Each structure stands twice: as C-alpha cells, then as structure tokens.
Amino acid sequence: CALPIYRGLMKLFFGVTLTALIIYFVLLLIPGYPPVDEIPFYQDSGVLVIAHRGGRALVPGNTIEAAKNAVDIGSDIIEIDVHLTADNTLVVRHDAMIDTTTNGTGLIANMTLSDIQAYDAGFNEIDYPEASWEIPLTVPSLDSLFTALPNQRYLIELKPRALPPADALCELILEHKLQNQVVVGSFHSSVLQYFRRSCPSIPTSLGKSEITLFVLLERINLGHLFKSPGYSIQVPIKYGDFAILTPGLVKLAQNLNMHVDVWTVNDPVELELVSNIGVDGIITDRPDIAISLRNTPTIL
C-alpha cells in the first residue's frame with residue numbers, strides 16, 4: 001500500500017512545482033513599476049561622501065563640532081540620529097540612553113534637554129572610542145544643528161519606534177525650510193510609512209523590512225515588482241555571511257532611480273571595492289579618507 005501513497009505524493013509534488021514555475025514565469029512577464037521621481041537632494045554625479053554621525057572617528061560623533069568638521073573637510077552629507085526628550089526636543093544622539101556617549105546616565109525619553117546637556121559628550125565608548133576630546137562638548141538639539149549649518153544636506157535616522165519623534169522631525173524640518181536638504185530614514189518601516197503619510201513633502205529612504213523585500217526580489221530576478229516608497233537605500237556590504245551589496249542590487253536600485261548608500265565603510269580597500277560596485281554614496285566614520293581617495297584619479 002506504500003506504492004500508491006508514494007505515487008500520490010510525487011504527483012502532488014510535481015503538480016505544485018509546475019504551478020509554482022508557471023506563476024514565476026507569469027510574474028517575470030508582468031511590467032515593472034516606473035522609477036521614482038528625481039528630487040533636489042540627489043543632483044550629484046560621482047560618489048557622495050556621507051559623514052557617519054558627522055565623522056565620529058575624527059570628532060566625537062553626533063555633535064555640532066563633528067558636523068562642522070565634516071563640512072570643513074569636504075563631506076557631501078551629514079548622517080545623524082535623533083531621539084525625542086521628555087520636553088519634546090529632538091536631540092542628536094544614536095542610543096536611547098546617554099550612558100555610552102556621555103559621562104552621564106539615563107534614558108533620553110525620560111530626560112529634558114537641560115538634563116542631557118549637563119553632561120559632557122566629549123568622550124564616550126561608542127562615538128569616539130579610545131580617545132578623549134579636550135574641549136567639553138554637549139549633546140546638541142537638532143534645532144541647534146540646523147541653525148549652525150543651515151546650508152548642509154542631512155541623512156537623518158529616526159531611532160525610536162514611537163511616532164511622536166516623527167511628527168517633531170517633520171515640524172522642525174519644515175520650520176527650517178530644509179525639505180530639499182533632508183532624507184529621513186529609519187530601521188522601522190512602520191515609522192517611515194507613517195512619516196510618508198503625515199509629511200509627504202520630505203523624502204525618505206527604505207526601512208529594514210522594505211530593504212529585505214527588495215533584496216529578496218532582486219535575488220530571484222523579480223525586482224521589477226518592487227514599487228519603491230523611498231528614494232534611497234542604506235545597506236551594509238554583508239549581513240552576517242549573506243552578501244547584501246551586489247552589482248545586481250545596485251543596478252536594480254539605480255534602474256528605479258534610487259540611490260544606494262553603503263555603511264559603514266572606513267577601510268581604504270573596502271572604500272575602493274564599494275566604489276567599483278557602483279554605489280552612489282559611502283557612509284563612513286572617516287570621511288577624510290574617502291574624500292582623499294575620491295580626489296585620487298582612478299579610485300573613487
């Protein structure tokens with residue numbers, strides 16, 4: 001009696017496989033989505049140097065001083081992270097707590113701006129490892145950074161999963177009239193989806209789950225079915241042992257008019273490698289090295 005069961009299972013297997021192949025080939029024939037529109041933020045040719053947290057290997061990261069230094073040495077874009085304080089002020093900081101990037105302690109969401117700025121951000125474990133800054137620095141508000149550097153472009157990551165920081169960021173960008181100088185990103189796709197609905201004039205990149213779908217579709221040659229809700233993607237070279245950044249991924253993104261920024265690349269060999277793959281931007285702690293290589297013929 002085992003033989004009829006085996007034959008039945010094989011028939012089912014081949015039937016399912018044939019159906020899947022038919023569906024796959026039909027999907028291959030479906031016309032793709034059009035590319036996203038051009039936006040003022042991306043009007044450059046060549047590889048953009050994006051100073052990660054303002055270039056945190058050069059000056060303590062996510063500070064006005066780091067951002068100014070990044071601008072002075074020729075960085076194209078300042079990448080920063082933001083959190084919302086208890087008194088509804090956006091501050092430029094990566095972690096949800098100040099413990100790892102100041103000499104203080106506490107959750108940003110439970111502290112006021114004045115509480116946070118009472119501590120020194122001139123040395124820390126994360127943004128400026130194994131070094132100290134001679135001049136005391138404070139955690140800046142995003143408003144103060146915009147005021148200090150009103151003509152720069154910013155890649156701003158919304159760190160919290162909550163929605164009030166997204167509302168505060170929209171309001172502040174519009175107040176400073178920087179909607180053409182900012183792209184907003186987040187690991188949380190739900191936050192970006194909310195931000196796009198509530199603040200449609202400010203462009204965004206893709207969130208983690210959106211990038212995951214994009215990568216998977218590209219791997220099975222169905223990338224044309226991806227309808228991009230954003231204007232750029234920020235990806236690592238690898239995630240564990242899985243290669244994320246490939247020539248095929250870059251080509252697909254650029255066919256959809258999305259810019260591809262790779263993070264966080266500091267090594268000169270890797271900088272040249274990702275440039276040869278064709279990325280549009282390099283997010284780096286060492287913008288000085290990236291700029292030097294870019295200014296060297298035949299490298300970046």
Side-chain angles (χ1 to χ4, degrees), residues 30-52 70-71 74-80 146 149-158 166 169-186 189 191-215 217-218 222-235 244-263 274-284 287 290-291 294 300:
I30 294 176
Y33 287 101
V36 297
D37 295 334
E38 294 282 348
I39 58 173
F41 190 88
Y42 293 120
Q43 297 293 331
D44 310 78
S45 60
V47 181
L48 296 173
V49 174
I50 304 170
H52 184 230
V71 171
S75 303
D76 301 294
I77 297 170
I78 309 300
E79 189 273 345
I80 55 172
F146 283 167
L149 296 170
N151 299 318
Q152 303 310 310
R153 282 180 290 175
Y154 299 93
L155 177 60
I156 302 178
E157 183 178 343
L158 275 164
L169 181 58
C170 175
E171 181 179 342
L172 191 61
I173 292 170
L174 295 178
E175 178 184 326
H176 283 264
K177 299 179 180 178
L178 294 178
Q179 52 265 46
N180 291 334
Q181 295 167 232
V182 171
V183 166
V184 173
S186 176
S189 298
V191 172
L192 288 178
Q193 290 161 6
Y194 171 81
F195 187 87
R196 292 169 191 141
R197 292 193 303 269
S198 60
C199 205
S201 65
I202 299 172
T204 71
S205 59
L206 301 188
K208 184 178 180 180
S209 64
E210 294 166 341
I211 291 174
T212 300
L213 175 61
F214 181 72
V215 171
L217 288 174
E218 187 275 328
L222 294 177
H224 63 290
L225 299 180
F226 186 81
K227 184 178 182 181
S228 180
Y231 296 88
S232 63
I233 58 172
Q234 289 78 46
V235 294
I244 301 293
L245 186 72
T246 65
L249 185 81
V250 173
K251 182 179 179 181
L252 174 61
Q254 292 173 345
N255 285 344
L256 292 173
N257 204 30
M258 288 196 299
H259 280 237
V260 180
D261 305 321
V262 58
W263 53 267
V274 299
S275 177
N276 289 337
I277 290 177
V279 300
D280 300 288
I282 297 174
I283 301 174
T284 176
I291 291 166
R294 185 176 63 182
L300 294 194

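Values below: every heavy atom of this structure, side chains too, minus hydrogens, waters and symmetry copies. If you're wondering where the values come from, they're calculated on a predicted model, not measured in any experiment.
- Looking at heavy atoms from C-beta onward, Val235 lies out of side-chain contact with Phe214 at the 4.5 angstrom threshold.
- When every heavy atom of Ile202 is checked against every heavy atom of Gln179, the shortest pair comes out as CG1-CB, 3.9 Å.
- Going from atom NE2 of His224 over to atom CG of Leu217 covers 9.0 Å, rounded to the nearest 0.5 Å.
- By the 30° and 60° cut-offs, the orientation of the rings of His259 relative to Tyr42 is parallel.
- With 3.5 Å as the limit, one finds a donor-acceptor pair spanning the side chains of Ser205 and Gln234.
- Taking CD of Glu79 as the reference point, atom CZ of Arg153 lies at 14.5 Å (rounded to 0.5 Å).
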- Check against side-chain contact (heavy atoms from CB on, under 4.5 Å), Val260 and Leu245: CA-CA 9 Å; Val260 180; Leu245 186 72; 4.0 Å; yes

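- Note that the NZ atom of Lys251 and the CD atom of Glu218 stand 10.5 Å from one another [nearest 0.5 Å].
- When all heavy atoms of Leu249 and Ile244 are compared, the pair lying nearest together is CD2-O, 3.2 Å.
- Put simply, the side chain of Val47 does not reach to within 4.5 Å of the side chain of Val274, judged on heavy atoms.
- Taken from CG in Asp261 to NE2 in His52, the straight-line distance is 12.0 Å, to the nearest 0.5 Å.
- Closest non-hydrogen pair, Ala253 versus Ile233, comes out as CB-CD1, 4.3 Å.
- Under the 3.5 Å distance criterion, the side-chain polar atoms of Gln254 are matched with a main-chain donor or acceptor of Gly278.
- Contact record, Pro229 with Leu206: CD-CD2, 3.5 Å, taken as the closest heavy-atom pair.
- Residues Trp263 and Ile50 fail the side-chain proximity criterion, which asks for heavy atoms closer than 4.5 Å.
- Atoms CG and CG, on Leu192 and Leu158 in that order, are 7.0 Å from each other to the nearest 0.5 Å.
- When all heavy atoms are compared, the tightest approach of Cys199 to Leu174 is SG-CD1, 4.4 Å.
- Put simply, the side chain of Ser209 never gets that close to the backbone of Ser189: no donor and acceptor are under 3.5 Å apart.
- Between Ile283 and Leu155, the closest side-chain pair of non-hydrogen atoms falls below 4.5 Å.
- Contacts of Asp280 classified as salt bridge (Lys or Arg N to Asp or Glu O under 4.0 Å), with partners at least two apart in sequence or in another chain: none.
- Atom-to-atom distance recorded for Thr204:OG1 and Tyr231:OH is 8.0 Å, nearest 0.5 angstrom.
- The two atoms that bring Gln181 and Phe41 nearest to each other are O-CE1, 3.2 Å, heavy atoms only.
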